[in-house]
Enquirer: 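Shown below is the structure under consideration.
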Amino acid sequence: MIYEPSMTAVVVFFAFVGFTIGLSFYLGGKAKSSAGYFAAHGQIPWFINGIAFAGDYLSAASFLGICGMIAAYGYDGFLYSIGYLAGWIVALFVIAEPMKRLGKFTFADALDAKFDSRGIKAAAGISTLIVSVFYLIPQMVGAGVLIQPLLGFPHWVGVLLVGAVVITIVVTAGMVSTTWVQFLKGSLLVVFSAILVVMVLQQGFKVDNESFPSRSLSIGEFDRQAIAEAMNRELVETSNWADNDQYLQFTREDGDGYDVYRADIQEDGTMIVSEAQSITTMPNGDTLIGGLPKGDQPGEGHLRPVGRIKVLPNEYIGQAETGPLGPLEFFDVLNRSTVVLWGNETLKNEDGSTTKVFYQKPTSGSQVLRPGEHPRFAGIRSDSWTGKFNFLSLMLALFCGTASLPHILIRYYTVKDAAAARKSTIVGITSIGFFYVLTLYLGLGAMTSGTLDVTNSNMAAPLLARGMSGLLFAIISAIAFTTVLGTVSGLILASSGAVAHDLLSGVMGMEFSENSQVRIAKLAAVVVGAIAIVLGILFRNLNVSYLVGWAFSIAASANLPALIMLLFWKRTTAQGIIASVIVGMFSSLGWILLSADTFEKVYGIDPLSSPVPFSQPGIVTIPLALVTLIVVSLMTQNGKATTT
């Protein structure tokens, strides 16, 4: 079983969560004023804030999504790491010190520092809410993913649990507790990920051709009966797939359920028949695995873990494992090995049910370590201009989005001065960069460890830890859950600040006392948290890194052009900033909602009917927002331009 309950994991998990909530209550007394609630009075030490930057940034997308993409496809997942890290260059050299000088509590403070414009506060506040909500979705999805193997709860229970805990953290102590939770989480995540990588290198690679066997047959065409005789197996007489030219169902020896095999004709005319796995969804919603009701009890079916090395390089002929490997030797050996990846195909059955078959794909290590294998990045090596634009657009969004994320920007207000903001950014970059190097080892280690869940790439890193040590699995899973808690806390805090400080006070002109503003922010945190819970349940089947790309695209389009031009172009006007934020926000959001990926994965309709040529909007919407700001600013060069 992939998800066997672990009492150790449960105990460690609740210890982490209990400590986190206890810390929030302990620090709650320091956050009575708005300065304490939103910005921790600007008294966080720069080193602590730098690690907290890493804690904020190393979200479910970094730990769960990137590791999962690397484990399922190879190097392509690491492209996200490169994009995420590169964005910190903008934060360090462009944003860090001006943000500290210009602002007080929120992103809108900085954008409106020179104008006192209700329009800017409104646009920036709404942008903060939209970006935060889109970034919250993958965090909540990741929370639900983690709870399933830890506690055995359904996905929705995990999302509900993390939502309740995070709302408690934010409501009790605001930025003070959020910062310390992020510091502890960031430190523990990097340290224990490094320990797991050391264990991966010590274990090396092992050949496994027994878990899912395959045979070469001298049969040049798909002859169902001939294949069964050669395999010495009995065909399922009532098979739904009698007319399928690639898949076969064989009865098991105990007569309980069936095994699925896939046949592939090779270039030399032989046939490779390899074991697969299947999930059948009946018209009434019941789920069958290998013909048996889904479950872990006798007479029930469950999927087996996957991920293995099929062939090692020539110098290991006759050996089943490599032994310990060095950091560079790890890549050299993998490059010359053959790895078994897994594809999937959905078959429609005569009785109205559908069967998703997961099949083996032996792949050379050199192919695993090259870019362009993931469907989203296939355009890198294609002749299609849309594929190349889609990749460039994603990389541009990741590069520009980091310095535009509200929960990252507000962290600059927690230190005492601009120099501390710069130094904390350097600490953050160092920690984040080191962790992203670790993700490459973690993902590839999971790919070859025999621990993967073929239906859920997001669990690659925790399941890798489970294969090494039950205690390590418990710690890694608890840290991953705390990772979600910390990031969600920062996002909800940014959202609550946008509502209370920007929209209600700044735009609507409502006057609040210090305590009232904090109370309203806490109420807003509860509402935003509830929205995040609902969306986390609805989007449960999407990879978290994919979802984060949406948030980065919106943030980069709506926020960065306005912030950059405010800092470096003296002719920028309030009207220009407002127009830029609105155009960038709604053009990127609209593009995403009309994209082929959204049509297919969210709406469930034909992606070919999408009206936009590629799915990632940044390469169009970021320049569009920039041009909008320039044109509108030039058109509003008058004495009233700065007081709108």
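A quick note: this is a predicted structure, and the numbers were derived from the prediction, not measured.
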Enquirer: Tell me, please, which residues at least two apart from R370 pass salt bridge (charged side-chain N to carboxylate O under 4.0 Å, His left out).
Expert: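 Only E373 meet the salt bridge (charged side-chain N to carboxylate O under 4.0 Å, His left out) criterion with R370.
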Enquirer: Can you name the nearest heavy-atom pair linking P607 to F599, along with the distance?
Expert: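 Here P607 and F599 meet closest at CA-CB, 4.1 Å.
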Enquirer: Of the non-hydrogen atoms in I619 and L396, which two are nearest, and what is the gap between them?
Expert: CA-CD2, 3.8 Å
Enquirer: Identify, with sequence neighbours excluded, every residue that meets side-chain contact (heavy atoms from CB on, under 4.5 Å) alongside M508.
Expert: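 M508 satisfies side-chain contact (heavy atoms from CB on, under 4.5 Å) with L504, M510 only.
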Enquirer: Sub-3.5 Å donor-acceptor pair from the side chain of N49 to the main-chain atoms of S424, do we have one?
Expert: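 No.
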Enquirer: Run the numbers on T621 and S557 for side chain to side chain donor-acceptor pair (under 3.5 Å), then give the verdict.
Expert: CA-CA 6 Å; T621 56; S557 303; 2.7 Å; yes
Enquirer: Looking only at heavy atoms, which two atoms of S187 and I51 are closest? And how far apart?
Expert: OG-CG2, 3.4 Å
Enquirer: Starting at CG of L624, measure out to OG1 of T628 and round the result to the nearest 0.5 Å.
Expert: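 That separation rounds to 4.5 Å.
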Enquirer: What heavy-atom pair brings S404 and C400 nearest, and what distance separates the two atoms?
Expert: OG-O, 2.9 Å
Enquirer: Would a 4.5 Å heavy-atom cut-off, applied to side chains only, mark F391 and F614 as touching?
Expert: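 No, every pair of side-chain atoms sits at 4.5 Å or beyond.
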Enquirer: What's the shortest heavy-atom distance between S595 and I592, and which atoms?
Expert: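 Closest pair (atom of S595, atom of I592, distance): OG-O, 2.9 Å.
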Enquirer: Let me confirm one number: the OH-CG distance from Y80 to L398, rounded to the nearest 0.5 Å.
Expert: 6.5 Å
Enquirer: Measure from the side-chain N and O atoms of S193 to the backbone N and O of V190, and report whether any donor-acceptor pair falls under 3.5 Å.
Expert: no
Enquirer: Roughly how far, to the nearest 0.5 Å, is CZ of R422 from CD1 of I426?
Expert: 6.5 Å
Enquirer: Below 4.5 Å, heavy atoms only, C-beta onward: do L626 and I622 meet side chain to side chain?
Expert: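 Not touching, per the 4.5 Å side-chain cut-off.
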Enquirer: Check whether any side-chain heavy atom of L629 lies under 4.5 Å from a side-chain heavy atom of W569, and answer yes or no.
Expert: yes
Enquirer: I'd like to check F552 versus Y135 (side-chain heavy atoms, cut-off strictly below 4.5 Å). Are they in contact?
Expert: yes
Enquirer: Run the numbers on N559 and S127 for side chain to side chain donor-acceptor pair (under 3.5 Å), then give the verdict.
Expert: CA-CA 8 Å; N559 298 344; S127 171; 2.6 Å; yes
Enquirer: Tell me if a side-chain donor or acceptor on N390 pairs with a main-chain N or O of Q616 at a distance below 3.5 Å.
Expert: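 Side chain of N390 to backbone of Q616, a donor-acceptor pair under 3.5 Å: yes, one is there.
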Enquirer: Between T439 (side chain) and Y436 (backbone), is there a donor-acceptor pair under 3.5 Å?
Expert: yes
Enquirer: Do NZ/NE/NH1/NH2 and the carboxylate oxygens of K121 and D116 come within less than 4.0 Å?
Expert: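 The answer is yes: the pair qualifies as a salt bridge.
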Enquirer: So, does S393 use its side chain to make a donor-acceptor pair with the main chain of G618 at under 3.5 Å?
Expert: yes
Enquirer: Centroid separation under 6.0 Å, is that true for the rings of W591 and F586?
Expert: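 Ring-ring flag for F586/W591: false, centres at least 6.0 Å apart.
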Enquirer: Between T573 and T636, is a side chain to side chain donor-acceptor pair (under 3.5 Å) present by the stated rule, with each step listed?
Expert: CA-CA 7 Å; T573 65; T636 54; 2.8 Å; yes
Enquirer: Can a side-chain donor-acceptor contact be found between T572 and S633 if the only test is distance below 3.5 angstrom?
Expert: no
Enquirer: When you measure from the side chain of S580 to the backbone N and O of A625, does any donor-acceptor pair fall under 3.5 Å?
Expert: yes
